[in-house]
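In what follows, chains carry the letters A, B, and so on, assigned in the order in which the sequence lines appear, proteins first and then strands, with residues in each chain numbered from 1.
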Number of protein chains: 2
Amino acid sequence: MSTQQAELPQRLREACAVCSLKELCLPRGLDGPDLMRLDTLVERRGPLHEGDHLFRVGDGFQALYAVRAGSCKTYTVDSEGREHVLGFHLPGELLGLDAIYPGRHLCNAQALDTAVVCVLPYEQVSDLAGQIGGLRSQLMRLMSKDIADTAALAGDFTAEERLAAFLNGLSERFRQRGYSPVEFQLAMSRRDIANYLRLATETVSRVFARFENDGLIAVNRRSVRLLDLPRLRRLCAAMTGMRG
Amino acid sequence: MSTQQAELPQRLREACAVCSLKELCLPRGLDGPDLMRLDTLVERRGPLHEGDHLFRVGDGFQALYAVRAGSCKTYTVDSEGREHVLGFHLPGELLGLDAIYPGRHLCNAQALDTAVVCVLPYEQVSDLAGQIGGLRSQLMRLMSKDIADTAALAGDFTAEERLAAFLNGLSERFRQRGYSPVEFQLAMSRRDIANYLRLATETVSRVFARFENDGLIAVNRRSVRLLDLPRLRRLCAAMTGMRG
DNA sequence: CCGCCGAGTTGACGTAGGTCATGGGCCGCT
DNA sequence: AGCGGCCCATGACCTACGTCAACTCGGCGG
């Protein structure tokens with residue numbers, strides 16, 4: 001009992017303050033006791049190493065995962081062997097929502113670097129969502145956001161619009177998490193970016209080069225500096241306008 | 001009181017048996033009393049006429065909508081004036097899930113023909129979802145499915161794969177609703193199909209023609225007959241394989 | 001019945017981005 | 001230090017699809 005009481009704050013810090021439970025709970029103001037109840041569900045898993053899989057296509061769906069540290073990509077491989085990257089997940093973001101419907105994972109989730117995740121057993125989270133309105137509504141909001149984001153990516157846009165939106169989105173996400181929105185390291189390869197944006201890696205390279213020539217960004221391998229955010233925003237206005 | 005009691009079965013039939021509440025409730029076996037409680041929430045709206053809007057970008061999010069008769073499309077117009085069709089909605093399908101997150105509608109919803117919808121006030125549905133586990137889980141499943149479907153559309157596929165997947169998906173949806181899976185009317189124009197699949201209308205025309213020449217389908221304006229389902233399925237295996 | 005109009009089709013041509021091929025640079029391994 | 005492998009970049013060329021333009025067809029109003 002006393003060990004449990006001692007453990008709670010630790011897990012609370014990890015799960016709620018660092019990973020997406022913060023995002024899950026705080027916006028609708030869950031209070032201390034509710035956070036505690038949520039906290040008791042959370043397990044940590046990791047560290048995963050670069051290339052390790054968190055789950056694979058076909059795995060039974062048991063839990064949602066929240067990235068605590070490092071980053072992951074989710075992807076599928078189609079019957080022609082082409083890889084489609086569905087998303088990149090930074091600390092504080094949730095994985096696995098698309099597996100709820102069929103009850104098994106439709107994509108693979110792989111660590112892009114050393115990563116730690118929180119495991120959220122779905123049945124229990126769902127039960128708790130029944131009891132706590134704020135949690136329920138926040139889960140719905142997250143899923144809703146996923147739909148809108150994916151729809152934006154599905155749109156018909158040029159390579160430049162896509163890459164600009166990608167950089168802009170990353171910048172925004174880093175900013176929200178307290179990191180620099182103008183200078184960051186890419187966790188993913190050109191190949192991953194290309195498969196995410198539905199471009200060839202060569203095209204990604206070329207557009208990066210073009211952006212650099214135009215003074216929009218400075219890029220060296222995986223480190224990126226955004227030099228002209230306003231212009232970058234204008235470049236992808238068409239895409240981001242779709243969702244906001 | 002007696003009028004209420006008399007009305008319930010009527011609305012129950014309309015909302016639960018015909019439109020997507022059936023889909024919402026039945027798979028997890030909601031029972032009579034639960035259905036009744038859900039039923040009291042439901043309002044009918046319509047008939048909408050071709051071209052009428054159910055909601056528009058920026059409208060406050062109040063309710064989800066379930067198509068009861070006819071069909072709708074959801075779409076956005078980006079800053080360059082290009083229209084992006086996000087989806088087509090047949091009787092029994094739910095609209096508006098992407099509006100939960102931002103609390104206002106991100107897309108327009110328009111009737112493709114004479115349509116009737118059921119209005120599901122979101123706050124009340126959400127409360128009820130807190131009380132009824134089956135409803136909650138079914139809502140989550142529907143959102144989850146939306147994510148996976150949109151992701152499939154976002155993938156990098158050829159015009160042929162896209163159109164084949166489109167026809168195949170329609171066929172499947174008609175079959176599920178008890179209509180012929182091989183012969184049906186398209187409610188939407190070539191232009192809508194093109195904007196949905198991210199192709200030019202001319203390309204849609206040409207691929208239709210190619211499919212017809214290859215003996216895959218017979219098509220005349222908006223009436224379609226699928227002549228070789230197995231081959232059609234093989235054509236879009238890459239795409240549908242992604243989600244299942 | 002005719003003339004109009006928008007939806008759909010078809011052909012000729014243009015282009016964004018894919019493909020293929022080459023080379024440089026960084027890293028880990030021996 | 002030297003080597004092999006992968007990631008990235010860049011140039012030359014190719015193609016799936018878009019664009020533009022002409023034409024057909026069916027529906028509707030007068």
Side chains of [X] and [Y]: does their closest heavy-atom pair fall under 4.5 Å?
{"X": "M188(A)", "Y": "F88(A)", "answer": "yes"}
{"X": "S171(A)", "Y": "V182(A)", "answer": "no"}
{"X": "Q62(B)", "Y": "R104(B)", "answer": "no"}

Under 4.0 Å between a side-chain N or O of [X] and OP1 or OP2 of [N]?
{"X": "R222(B)", "N": "dG8(C)", "result": "yes"}
{"X": "R190(A)", "N": "dA9(D)", "result": "yes"}
{"X": "S205(B)", "N": "dG8(C)", "result": "no"}

Starting from [atom2] on [N], measure out to [atom1] on [X] and report it in whole angstrom.
{"X": "E80(B)", "N": "dG18(D)", "atom1": "CD", "atom2": "C1'", "result": "16 Å"}
{"X": "F157(A)", "N": "dA16(C)", "atom1": "CZ", "atom2": "P", "result": "17 Å"}
{"X": "N220(B)", "N": "dT24(D)", "atom1": "CG", "atom2": "C1'", "result": "13 Å"}
{"X": "R191(B)", "N": "dG18(D)", "atom1": "CZ", "atom2": "C1'", "result": "14 Å"}
{"X": "N195(B)", "N": "dA7(C)", "atom1": "CG", "atom2": "P", "result": "12 Å"}
{"X": "L199(A)", "N": "dC8(D)", "atom1": "CG", "atom2": "P", "result": "15 Å"}
{"X": "D113(A)", "N": "dC27(C)", "atom1": "CG", "atom2": "P", "result": "16 Å"}
{"X": "R221(B)", "N": "dG27(D)", "atom1": "CZ", "atom2": "C1'", "result": "8 Å"}

**OP:** Determine whether any donor atom in the side chain of R162(A) lies under 3.5 Å from an acceptor atom in the base of dG17(C), or the reverse, and answer yes or no.
**Re:** no

**OP:** Check whether the side chain of R206(B) and the base of dT19(D) form a donor-acceptor pair under 3.5 Å.
**Re:** yes

**OP:** Report which part of the nucleic acid T201(A) touches: base, sugar-phosphate, or nothing (heavy-atom distance under 4.0 Å, all strands).
**Re:**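 Touches nothing.
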
**OP:** Determine the contact category for R198(A): base if any of its heavy atoms lies under 4.0 Å from a base atom, sugar-phosphate if only primed atoms, P, OP1 or OP2 are that close, otherwise nothing.
**Re:** sugar-phosphate

Do any N or O atoms of the protein come closer than 3.5 Å to N or O atoms of nucleotides 21-23 of chain D, and which pairs are they?
none

**OP:** Considering only NZ, NE, NH1 and NH2 on the basic side and carboxylate oxygens on the acidic side, decide whether K145(B) and D149(B) come within less than 4.0 Å.
**Re:** yes

Original post:
Is the number of heavy atoms from other residues, nucleotides or ligands within 6.0 Å of CZ (F174(A)) greater than 12?
Top reply: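 Yes, CZ of F174(A) has more than 12 neighbouring heavy atoms, counting only those of other groups under 6.0 Å.
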
Original post:
After noting the C-alpha distance and the side-chain angles of Y75(B) and V57(B), does the key distance pass the side chain to side chain contact (heavy atoms under 4.5 Å, CB included) rule?
Top reply: CA-CA 9 Å; Y75(B) 69 97; V57(B) 170; over 6 Å; no

**OP:** Assign each of D156(A) and M188(A) to its nearest nucleotide of DNA chain D by heavy atoms, then name whichever residue's nucleotide is nearer the 5' end.
**Re:**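 By nearest-heavy-atom nucleotide position, the 5'-most residue is M188(A).
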
**OP:** Output, in order, the C-alpha distance, side-chain angles, deciding distance and verdict of side chain to side chain contact (heavy atoms under 4.5 Å, CB included) for H105(A) and R56(A).
**Re:** CA-CA 7 Å; H105(A) 287 286; R56(A) 288 175 186 272; over 6 Å; no

